[in-house]
Amino acid sequence: MKITDVDVWVVNLPLVNPFTSSFETKTGETRTVVRVRTDAGVEGWGETMWGAPVAAIVRRMVPDLIGTSPFALEGFHRKQHMVPFFYGYLGYAAIAAVDVACWDAMGKATGQSVTDLLGGAVRDEVPITALITRADAPGATPADLPKAMAEHAVRVVEEGGFDAVKLKGTKDCAGDVAILRAVREALPGVDLRVDPNAAWSVPDSVRAGIALEDLDLEYLEDPCVGIEGMAQVKAKVRIPLCTNMCVVRFEDFAPAMRLNAVDVIHGDVYKWGGIAATKALAAHCETFGLGMNLHSGGELGIATAAHLAVVSSTPVLSRAIDSMYYLHADDIIEPLHLANGRLRVPSGPGLGVSVDEDKLRHYAGVNERDGDLTG
C-alpha cells in the first residue's frame, strides 16, 4: 500500500463563547486538516494546530510522501527530523498532521483501531476538564469577578458533569488567587488547576503559590517562564508544578529533571510531533516518577480522536485531560460522544471518526474568506 495523494485544507470554526488566556481572547479556531490517499483505496485523516504556515510546511513534505507506505513512519520521521529545527512548534505540528493521518490509514487497512495498534485500551472513556476564563463573566467588576466566576464554574460542572476545573489565569495574579478561592469554596470536591501561561514573575508565582497551598490544587501550571524560574518556584511552593511551556521537546527533559523543576508534564500529539513521540514522553514520565497529562490546543474531532486513542492506551494518563472539544460550536466530523464530563473513545478502524466533507469544504471556505484566526 502506497500513498498516492495528500490533500491539505485550512479551516476556521467558531467557539461557543470567547476564550481568554493571559495572552489572547479568541472566538474561534484555525486548524489544518490533512488527508492521505493510497493505491489500495484507503484514506487516512489528520488534523493539527494552526493554519497557513503549517499547511505550507505539510505541502512541502508531499513529494517525500508520494510512493511511500503509511506504515513507514520511522522513515518519514527520520527524513523530516530537521523540520522542527527550522520551524519549531510549526514544524512539529506539520509532522503530526501527517503522522496522525498515517495512523488512521494503518488502522483502516488492518481493520484495527489506533487504540489497539498502540497496545489496547486501558480505559474506554476519558474525563475532560472544565475550562473557565474571565470571558465567562462578562461585565463583572473586579470586586464581583470571583463570585461571578465561581457561579459560572458551578453551572458548568452541574451541566456537564465535570470532575476537574481549570482556570486560565491572567497577568492579574492576585485576581486569579481570589477567583480560585471562590471556586474552591463553591466546589470543594473538584480537582482544581490554574494556568497563567507563564504570565507571573517568579516572586509573584512564589507568593501566589504559598497563598494557594490550602486550596489543595491538583497542580499549578506554568506560573512563570522557563525551567530555571519553575525550579525556583518549586523549591518554595508545596503545590505540584505542571508545564507545557518549558518542557516541550525531549531536549528539555534532562535539564528539567536535573533542576527538579516540574512534577507533571503536559504532552500533546501536535506539539510533540506525533503519536509515537507522545507515547515516548509517557514512558519518560513514568521512568522518572512524573505525572503526565495532555494539553489542548483547540482540537476538533479528528485531533481529539487521536488524543483519545493515546490516553486510552496509556496507563499514566489517568487525569482529566485538557480538551477544548466541548467549546466548539461545530465540527467537521460526526460528533464524538460526550456525557458526564467524559469523552467516549471511538472504537472503529483507524481513528474511528467519519469526516463530513461538506462541512470541511464550508469551513475551508470560511478560512479562504477571512484568513487565519489569530485571536
Side-chain angles (χ1 to χ4, degrees), residues 1-12 30-110 114 117-118 248-251 268-280 297 299-303 305-306 309-310 332-333 349-351 353 355 357 360-361 363-365 367-368 371-372:
M1 184 171 69
K2 303 297 184 184
I3 295 171
T4 57
D5 294 290
V6 180
D7 301 305
V8 184
W9 298 265
V10 179
V11 297
N12 289 2
T30 295
R31 306 287 292 181
T32 293
V33 179
V34 172
R35 176 177 61 190
V36 298
R37 294 200 252 194
T38 71
D39 56 4
V42 174
E43 295 182 344
W45 291 88
E47 174 213 323
T48 193
M49 57 180 65
W50 290 303
V54 169
I57 298 170
V58 174
R59 291 185 177 108
R60 290 182 62 177
M61 294 178 184
V62 169
D64 291 336
L65 291 165
I66 302 301
T68 68
S69 169
F71 287 85
L73 276 178
E74 289 291 347
F76 164 72
H77 281 281
R78 190 67 214 155
K79 191 158 192 176
Q80 308 300 331
H81 77 284
M82 288 299 289
V83 170
F85 176 81
F86 290 109
Y87 298 105
Y89 283 167
L90 300 179
Y92 283 119
I95 288 170
V98 175
D99 177 274
V100 170
C102 287
W103 279 99
D104 189 36
M106 286 190 282
K108 290 172 178 173
T110 59
V114 172
L117 294 179
L118 294 174
V248 295
R249 53 185 187 152
F250 288 104
E251 294 92 328
D268 185 318
V269 166
Y270 312 97
K271 287 183 69 174
W272 283 77
I275 286 175
T278 309
K279 293 282 283 188
E299 300 83 14
L300 304 176
I302 298 170
V310 170
I332 57 172
I333 67 163
L351 295 174
V353 300
V355 175
E357 294 192 41
L360 174 64
R361 285 189 288 269
Y363 287 114
N367 177 267
E368 290 175 5
D372 290 0

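On a predicted model such as this, the values are computed, not experimentally measured, just so you know. Count residues from 1 along the sequence.
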State, yes or no, whether a side-chain contact exists between [X] and [Y] at a heavy-atom distance under 4.5 Å.
X    : Y    : value
V98  : F76  : yes
T48  : Y92  : no
E47  : V11  : no
M49  : V54  : no
V100 : V114 : no

Atom [atom1] of [X] and atom [atom2] of [Y]: how far apart are they, to the nearest 0.5 Å?
X    : Y    : atom1 : atom2 : answer
R59  : D7   : CZ    : CG    : 9.5 Å
D5   : I66  : CG    : CD1   : 6.0 Å
Y87  : R60  : OH    : CZ    : 3.5 Å
K79  : L65  : NZ    : CG    : 9.0 Å
M1   : D39  : CE    : CG    : 8.0 Å
L360 : I332 : CG    : CD1   : 5.0 Å

Between [X] and [Y], which heavy-atom pair has the shortest distance, and what is it?
X    : Y    : result
I333 : G301 : CD1-CA, 3.4 Å
P349 : G107 : CB-O, 3.9 Å
A105 : V42  : O-CG1, 3.6 Å
D268 : G297 : OD2-N, 4.2 Å
A55  : V10  : CB-CG2, 3.6 Å
G46  : A101 : N-CB, 3.6 Å

If we ignore hydrogens and angles and just use 3.5 Å, is the side chain of [X] paired with the main-chain N or O of [Y] as donor and acceptor?
X    : Y    : answer
R35  : E43  : no
T32  : G51  : yes
D104 : G350 : no
D99  : L73  : no

More than 12 non-hydrogen atoms from neighbouring residues, nucleotides or ligands closer than 6.0 Å to [atom1] on [X], yes or no?
X    : atom1 : result
F71  : CZ    : yes
E74  : CD    : no
R361 : CZ    : yes

Quick one: sort the W9 and W45 rings into parallel, tilted or perpendicular, breaks at 30° and 60°.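 Plane angle under 30°, so parallel.
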N12-D372 side chain donor-acceptor pair, cut-off 3.5 Å: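 Side-chain D/A pair, N12 to D372: absent.
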Audit row: V83, M61, side-chain contact (heavy atoms from CB on, under 4.5 Å) steps and yes/no: CA-CA 10 Å; V83 170; M61 294 178 184; 4.1 Å; yes
